[in-house]
S.K.: 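Take this structure first; my questions come after.
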Amino acid sequence: MGSSSNGAAPNNNVDKGVDYANYFCTYAFLYHQKEMLSDRVRMDAYYNAIFQNKHHFAGKAVLDVGTGSGILALWSAQAGARKVYAVEATKMAEHARELVKTNGFEHVVEVIEGSMEDITLPEKVDVIISEWMGYFLLRESMFDSVICARDRWLNPDGVMYPSHARMWVAPIRSGLVDQKKIDYDRAMDDWSHFVNETKMFYGVDMGSLTKPFTDEQRKYYLQTSLWNNLHPNQVIGKPAVIKEIDCLTSSVNDLLSLQANTSSIITAENTRFCGFGGWFDVHFRGRKENPAKNEIELTTAPSEDLGTHWGQQVFLFYPSARVSQGDNMTMNFSMNRSKENHRLLEVEFDCELRQSSGNSLPSFSKKFYIE
Ligand SMILES: C[S@@+](CC[C@H](N)C(=O)[O-])C[C@H]1O[C@@H](n2cnc3c(N)ncnc32)[C@H](O)[C@@H]1O
């Protein structure tokens, strides 16, 4: 990432072996690639973005950052690309190479096994395509690698696929808030029995470990965000955008620490506020000088029919609070990367609820881990 021109390169000191074990290794399995390839919302969005905008691909050089099975590289070739460089860090590159061969595009797609940050291409490219989005958009921090690729290899008039991204949060109701408290209480009851029995039967007092065990369980059950497929009727307030990203210009520095002050009007009548749901969308718009003919959106918002494998991240507040239509929730949102693992995130909400009557409830805040 050394040649990044407009962003810091904070991950130069990441141990590659540890990063492989923690992150890349799952992508080497076909079952994991299949999960992404079976996500119809994701597949349709990328497919339509490419085939409804063939003018961006026909006769062009394309770079697919993190090609996985090679699907986006193959579609780019089918849409008429002159050359596609398909870069993949894991051994999945071998399967991608096989698919390129059996689908008859060996003369166009070159699969390169290696990390995007380390490899060299013989030319600059007209298009960078990548499916880099993690849970709540930025988990996995893979967009860093796309930024690195863009700064090194994209022609000055090149286009990014996707071109834009947004992060959203909204107040929600969810029965999970009670369930997680019950699970936590059970785990702590079980610990009490365990301490008593260990003392009684084996003569050792484990009581001094109650505090660290409590911290551990509290983090797991009450302070870690959850994957969930929310139904739209669980969203009880107006969703708010907390971050907008222009993939052509944003830098790694822009993503290291996010802050947003925003608010949401409660839209549901007399209900429970249980926390926040978070999701993202990405857009394929080309660039101003070379726009898409058909703009495509890929959204991971709560949906009645087809969800995505990203679902939504749910941040639960216990106990829940009664809210009513017209109440105003103000939020101070911040998000940082975990110090232990730059691919994981820590999120903090500072909130205040002003009721439609004019009363303000005491402010509340909570920190969550996205693991
Ligand atoms: C979310 S998957 C997408 C796979 C495929 N493009 C698709 O859309 O089905 C991301 C892929 O990028 C690869 N990857 C992530 N960071 C990379 C990097 N810095 N260099 C090369 N490959 C990378 C992962 O191993 C994984 O296979």
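Indexing begins at 1, ligand by ligand and atom by atom, following the structure's order.
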S.K.: Output yes when the distance from some N or O of ligand 1 to some N or O of Y27 is under 3.5 Å, and no in every other case.
M.R.: no
S.K.: Between ligand 1 and M92, can you find any atom pair, the residue atom being a heavy atom, that is separated by under 4.0 Å?
M.R.: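 Contact absent.
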S.K.: Can you confirm if the NZ or CZ of K180 lies within 45° of the ring axis of Y318 and under 6.0 Å from the centre of its six-membered ring?
M.R.: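 Relative to the ring axis of Y318, which defines the angle, K180 lies outside at least one limit.
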S.K.: Check this for me - ligand 1, S145, N or O atoms closer than 3.5 angstrom, yes or no?
M.R.: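 Yes.
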S.K.: Measuring from the heavy atoms of W132, does anything fall under 4.0 Å of ligand 1?
M.R.: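 So W132 does not count as touching ligand 1.
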S.K.: Judged by non-hydrogen atoms, does A73 sit under 4.0 Å from ligand 1?
M.R.: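 It does not, in that no heavy atom of A73 comes within the 4.0 Å cut-off of ligand 1.
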S.K.: Applying ring-ring contact (aromatic ring centres under 6.0 Å, His included), can you list everything that pairs with H55, at least two apart in sequence or on another chain?
M.R.: none
S.K.: Any nitrogen or oxygen of M36 lying under 3.5 Å from a nitrogen or oxygen in ligand 1? Just yes or no.
M.R.: no
S.K.: When you measure from the side chain of H342 to the backbone of E140, do you find a donor-acceptor pair of N or O atoms at a distance under 3.5 Å?
M.R.: no
S.K.: I need the atoms of ligand 1 closer than 4.0 Å to a non-hydrogen atom of I71, numbered in the order shown.
M.R.: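 Near I71, the atoms of ligand 1 are 7 (C), 8 (O), 9 (O).
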S.K.: Tell me, please, which residues at least two apart from D215 pass salt bridge (Lys or Arg N to Asp or Glu O under 4.0 Å).
M.R.: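 Per chain and number, D215 pairs via salt bridge (Lys or Arg N to Asp or Glu O under 4.0 Å) with K211.
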S.K.: May I ask you to check whether E117 has an N/O atom sitting below 3.5 Å from an N/O atom of ligand 1?
M.R.: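 By distance alone, the answer is yes.
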S.K.: Quick check: does V65 get an N/O under 3.5 Å from an N/O on ligand 1?
M.R.: no
S.K.: My understanding is that we take every heavy atom of each candidate and find the minimum distance to atom 17 (C) of ligand 1. Doing that for F24, W75, F143, which one comes out nearest?
M.R.: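 Ranked by closest heavy atom to atom 17 (C) of ligand 1, first place is F24.
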S.K.: Going by heavy atoms, is R42 under 4.0 Å from ligand 1?
M.R.: yes
S.K.: Ring centres under 6.0 Å, that's the criterion: do F194 and F213 meet it?
M.R.: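 No - the distance between ring centres of F194 and F213 does not fall below the 6.0 Å cut-off.
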S.K.: Does an N or O anywhere in M116 fall below 3.5 Å from an N or O of ligand 1?
M.R.: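 It does: an N or O of M116 is found under 3.5 Å from an N or O of ligand 1.
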S.K.: Could you check whether Q313 and S225, counting side-chain N and O atoms only, form a donor-acceptor pair closer than 3.5 Å?
M.R.: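 Side-chain D/A pair, S225 to Q313: present.
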S.K.: Please state whether Q33 comes within less than 4.0 angstrom of ligand 1, counting heavy atoms only.
M.R.: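 True for this residue.
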